[in-house]
Protein chains: 2
Amino acid sequence: MTTIAAESKDRVAELAEVFHLMGDPSRLGILMLVLDEARAVGEIAAATGHSLSLVSHHLRLLRARRLVRAERRGKQVFYALDDAHVRSVLRDMAAHLREERR
Amino acid sequence: MTTIAAESKDRVAELAEVFHLMGDPSRLGILMLVLDEARAVGEIAAATGHSLSLVSHHLRLLRARRLVRAERRGKQVFYALDDAHVRSVLRDMAAHLREERR
DNA sequence: ATAACAATTAAACAGTTGTTCAATCGTAAA
DNA sequence: TTTACGATTGAACAACTGTTTAATTGTTAT
């Protein structure tokens, strides 16, 4: 069988981990912010209204699953989305919600 | 601004709710099972190895967010995926994981 | 009506998770 | 070396979540 329904257990578990990361409002907000351009942690904190610490904690989780990539420039660390599929999924889902409202 | 990054807070929250539902391994396994064809709760329980009760609990949550649709046929209740975007997202992500392994 | 089957529901528990606060680290300027 | 700024880290706590167990509802057959 090659159907998606026959996807093996641990692959489903990995998939679930990615969705789980996207399933928190704070984290999803962060992902949305770095969707198109890299942003410093401080910018993200300011834009989302969250503490630097909280943002950093979340970024660490996102980094661990390689949803996001970090690059240091001087004192600041810039984060950008580092997963093409996640990017397209986020765009797709956002569009979905927009349409649903009509 | 019409960028996705400027998505309003409560829409992000709604998006997060959907991802959160997909972010649990048991629930994601259920969604995968009903991705292509409707299945009875008992079938789902047997196929996933979970109790009837657990499956029913999860289905209730999925139903509440309209990711899944229920239809009664005699004693059994059949569930099917009821969201085109979720379906494409699941296919997309599953494909993504498959490619990543190469 | 009763029995059997399928599914739902409620309560309760253990484990996980998001957040805060305080301390620490890394880098650049004085 | 200091000082200041930006970011990370760890500990601790409250809130939430997934799962189990047991009781209950709905449906079909006897």
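Chain A is the first sequence line, chain B the second, and so forth, proteins listed ahead of strands; every chain is numbered from 1.
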Quiz item: Between the side chain of B/Arg66 and the main-chain N/O of B/Val68, is any donor-acceptor distance below 3.5 Å?
Solution: no
Exercise. Classify the angle between the aromatic ring planes of B/Phe19 and A/Phe19 as parallel (below 30°), tilted (30 to 60°) or perpendicular (above 60°).
Key: parallel
Quiz item: Roughly how far, to the nearest 0.5 Å, is the CG atom of A/Asp24 from the CG atom of A/Leu31?
Solution: 10.0 Å
Quiz item: What's the CD-C1' distance between B/Gln76 and C/dC5, to the nearest Å?
Solution: 9 Å
Quiz item: With a 3.5 Å cut-off and just heavy-atom distances, do the side chain of B/Ser53 and the base of C/dT9 make a donor-acceptor pair?
Solution: yes
Quiz item: Any sub-3.5 Å donor-acceptor pair from B/Arg65's side-chain atoms to B/Glu14's backbone N or O?
Solution: no
Self-check item: Nucleotide range of DNA chain D lying under 4.0 Å from chain B heavy atoms
Solution: D/dT17 to D/dT28
Practice problem: Give one of base, sugar-phosphate or nothing for B/Phe78, where a contact means two heavy atoms less than 4.0 Å apart. | Solution: nothing
Exercise. Find which nucleotide of DNA chain C each of A/Lys75 and A/Leu54 is nearest to by heavy atoms, and output the residue with the more 5' nucleotide.
Key: A/Leu54
Quiz item: When rounded to the nearest 0.5 angstrom, what distance separates CG in B/Leu67 from CZ in B/Arg27?
Solution: 9.5 Å
Practice problem: Check whether the side chain of B/His57 and the base of C/dA7 form a donor-acceptor pair under 3.5 Å. | Solution: no
Quiz item: So does B/Arg69 pair up with B/Glu71, basic N to acidic O under 4.0 Å?
Solution: no
Practice problem: Decide yes or no on side chain to side chain contact (heavy atoms under 4.5 Å, CB included) for A/Leu33 and A/Glu43, but give the supporting numbers first. | Solution: CA-CA 9 Å; A/Leu33 272 176; A/Glu43 294 182 60; over 6 Å; no
Exercise. Return the residues of residues 58-73 of chain B meeting this criterion: a heavy atom under 4.0 Å from some atom of DNA chain C. Order them by number, or give none.
Key: B/Arg60
Quiz item: When rounded to the nearest 0.5 angstrom, what is the spacing between CZ in A/Arg39 and CD in A/Gln76?
Solution: 12.5 Å
Exercise. Grab the CG-P distance between B/Leu52 and C/dT8 for me, whole Å please.
Key: 8 Å
